[in-house]
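What follows is one structure encoded as structure tokens, with my remarks underneath.
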Amino acid sequence: MMPRCSVSSKEVQLFQSLNGLQQLAETRRFKAWFLDQFGVLHDGKKPYPGAISTLEKLASTGSKMVIISNSSRRASTTIEKMKSLGFDPSLFMGAITSGELTHQYLQRKDDAWFAALGRSCIHITWSDRGLISLEGLDVQVVENVEEAEFVLAHGSEALGHPSGAAIPMKLTDLEKILERCAAKRIPMVVANPDFVTVEARDLRVMPGTLAAKYEKLGGEVKWMGKPDKIIYEAAMAMAGVDASDSIAVGDSLHHDIKGANQAGIQSAFITGGIHATELGVGNFGETADLSSVEVLASKYNAYPSYVLPAFT
């Protein structure tokens with residue numbers, strides 16, 4: 001069944017509803033699969049049912065698989081996390097994360113925008129979820145907004161201290177600091193553009209929410225991940241493929257699917273992730289109402305090629 005979705009360009013966008021990935025995998029149409037992790041492969045605590053065996057079956061078709069994630073962690077940390085959850089790292093070519101891209105761009109500074117940033121930053125990071133190390137970067141963390149040349153947002157739980165520690169803060173207090181930064185008109189680098197993420201079926205506020213707030217305050221934001229095509233281009237380079245040979249699998253219409261649209265690659269939307277409540281999906285593997293998917297896709301102006309309940 002292929003329902004119609006109207007798009008702003010007045011073209012007709014179609015998505016195909018699937019029960020699982022077997023039909024797509026067996027065609028061997030896609031050489032590379034770019035896989036989101038949270039909401040697709042695992043919920044932050046454990047793998048989703050069938051995710052590991054599905055990866056193994058995809059690998060058996062010769063498909064190249066790359067994790068593309070808005071995680072603010074380095075790629076190596078993401079692979080270790082996958083291993084700890086029971087995934088075989090050898091199934092993946094590697095991982096491209098927002099945190100990895102941010103680290104590379106801050107380290108190299110061969111991009112004009114990053115070269116102009118300066119050194120001193122207000123660092124918004126994690127506390128409960130674990131600090132983000134800035135080791136290897138020519139960056140100085142400061143507490144005083146007046147001394148800062150840019151904002152670096154890795155998390156949404158704490159303010160980084162010059163000592164390397166993190167001071168836990170409420171979201172409202174972090175937003176007050178951002179108001180002062182925006183008044184000073186200093187740019188922000190967001191190393192995790194997600195607004196929310198799934199964690200054991202609950203939604204948690206992520207740095208993208210703070211970045212969106214910063215833009216509303218008039219601040220300039222460099223989004224280092226989905227939906228910006230920067231992360232898809234990095235994944236294609238890693239896999240050695242072009243857009244026509246690639247498909248992205250994700251659970252966020254705004255980040256995963258819209259990003260794939262902008263990168264010119266096909267996409268598969270998993271309805272049981274962060275949009276589950278909006279789509280009225282109560283249990284894992286439950287099929288979403290396709291008319292609800294149409295409405296939501298139109299709301300986010302993000303149009304998947306395929307729609308399925310889970311990565312199975």
Side-chain angles (χ1 to χ4, degrees), residues 1-9 11-25 27-41 48 51 54-55 58 61 63-70 92 95-96 98 193-195 197-198 223 225-236 238-239 241-276 278-279 281 287-288 290 292-312:
M1 181 177 181
M2 299 178 71
R4 292 176 181 271
C5 295
S6 60
V7 293
S8 56
S9 63
E11 296 177 356
V12 174
Q13 189 92 12
L14 302 174
F15 63 74
Q16 184 175 355
S17 177
L18 303 173
N19 291 324
L21 290 171
Q22 183 176 354
Q23 179 183 343
L24 273 184
T27 65
R28 299 177 188 258
R29 178 180 174 185
F30 301 107
K31 295 178 182 176
W33 293 66
F34 304 143
L35 308 174
D36 182 41
Q37 50 167 339
F38 289 89
V40 174
L41 301 177
Y48 285 120
T54 301
L55 283 171
L58 264 181
T61 68
S63 299
K64 298 176 178 179
M65 291 180 287
V66 178
I67 295 169
I68 59 169
S69 173
N70 276 354
F92 306 103
I96 306 286
S98 296
D194 280 350
F195 296 138
T197 194
V198 177
W223 299 83
K226 299 174 286 187
D228 195 283
K229 62 183 180 181
I230 185 173
I231 197 165
Y232 298 87
E233 290 172 345
M236 284 188 272
M238 177 179 280
V241 297
D242 58 27
S244 63
D245 295 321
S246 309
I247 184 170
V249 184
D251 68 317
S252 168
L253 285 164
H254 174 77
H255 293 99
D256 302 309
I257 307 306
K258 191 166 190 173
N261 291 166
Q262 292 178 172
I265 69 178
Q266 295 211 33
S267 61
F269 172 47
I270 305 298
T271 57
I274 66 168
H275 294 297
E278 289 175 278
L279 292 169
V281 175
T287 302
L290 293 182
S292 297
V293 176
E294 288 181 31
V295 170
L296 208 59
S298 195
K299 173 186 173 182
Y300 288 95
N301 192 26
Y303 301 96
S305 314
Y306 307 94
V307 173
L308 61 161
F311 184 76
T312 53

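Any value given below was found using the heavy atoms of this structure, including those in side chains, with hydrogens, waters and symmetry copies removed. Remember, predicted model here, so these are calculated numbers, not experimental data.
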[atom1] of [X] to [atom2] of [Y]: how many Å apart, nearest 0.5 Å?
X	Y	atom1	atom2	answer
Met238	Phe34	CE	CZ	9.5 Å
Ser69	Lys226	OG	NZ	5.5 Å
Asn261	Lys229	CG	NZ	13.0 Å
Thr54	Gln22	OG1	CD	10.0 Å
Phe311	Tyr48	CZ	OH	12.5 Å
Ile265	Phe30	CD1	CZ	9.5 Å

In sequence, state the C-alpha distance, the side-chain angles, and the governing distance for Thr312 and Leu21, and then conclude on side chain to side chain contact (heavy atoms under 4.5 Å, CB included).
-> CA-CA 6 Å; Thr312 53; Leu21 290 171; over 6 Å; no

Do [X] and [Y] come within less than 4.5 Å of each other through their side chains, counting heavy atoms only?
X	Y	value
Asp36	Val249	no
Ile230	Trp223	no
Phe269	Leu253	yes
Gln23	Gln16	yes
Ile96	Val66	yes
Leu24	Leu18	yes
Ile274	Phe38	no
Phe195	His254	yes

How would you list, by chain and number, every residue that makes a side-chain hydrogen bond (donor to acceptor under 3.5 Å, both in side chains) with Gln262, sequence neighbours excluded?
->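 Residues passing side-chain hydrogen bond (donor to acceptor under 3.5 Å, both in side chains) with Gln262: none at all.
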
Which heavy atom of [X] sits nearest to which heavy atom of [Y], and what is that distance?
X	Y	answer
Gly39	Asp251	CA-OD2, 3.6 Å
Gly264	Ala243	O-CB, 3.6 Å
Ile270	Pro309	CG2-O, 3.5 Å
Val293	Ala288	CG2-CB, 4.1 Å

Between the main-chain N or O of Leu58 and the side-chain N or O of Thr61, is there a donor-acceptor pair closer than 3.5 Å?
->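 Indeed, once roles are kept as given, a pair shorter than 3.5 Å links the two residues.
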
Quick one: does Ser305's side chain have a donor or acceptor within less than 3.5 Å of a partner on Ser267's backbone?
->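 Yes; judged by distance alone, with no hydrogens or angles, the pair exists.
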
By side-chain contact (heavy atoms from CB on, under 4.5 Å), which residues pair with [X], not counting sequence neighbours?
X	value
Glu278	His275, Leu296, Lys299, Tyr300
Asp245	Lys31, Val241, Asp242
Ser98	Asn70, Pro193, Ile231
Ser292	Leu279, Asp289

Positive for side-chain contact (heavy atoms from CB on, under 4.5 Å) with Leu35, one of Asp256, Leu55, Ile68 =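 Of Asp256, Leu55, Ile68, side-chain contact (heavy atoms from CB on, under 4.5 Å) with Leu35 is met by Leu55 alone.
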
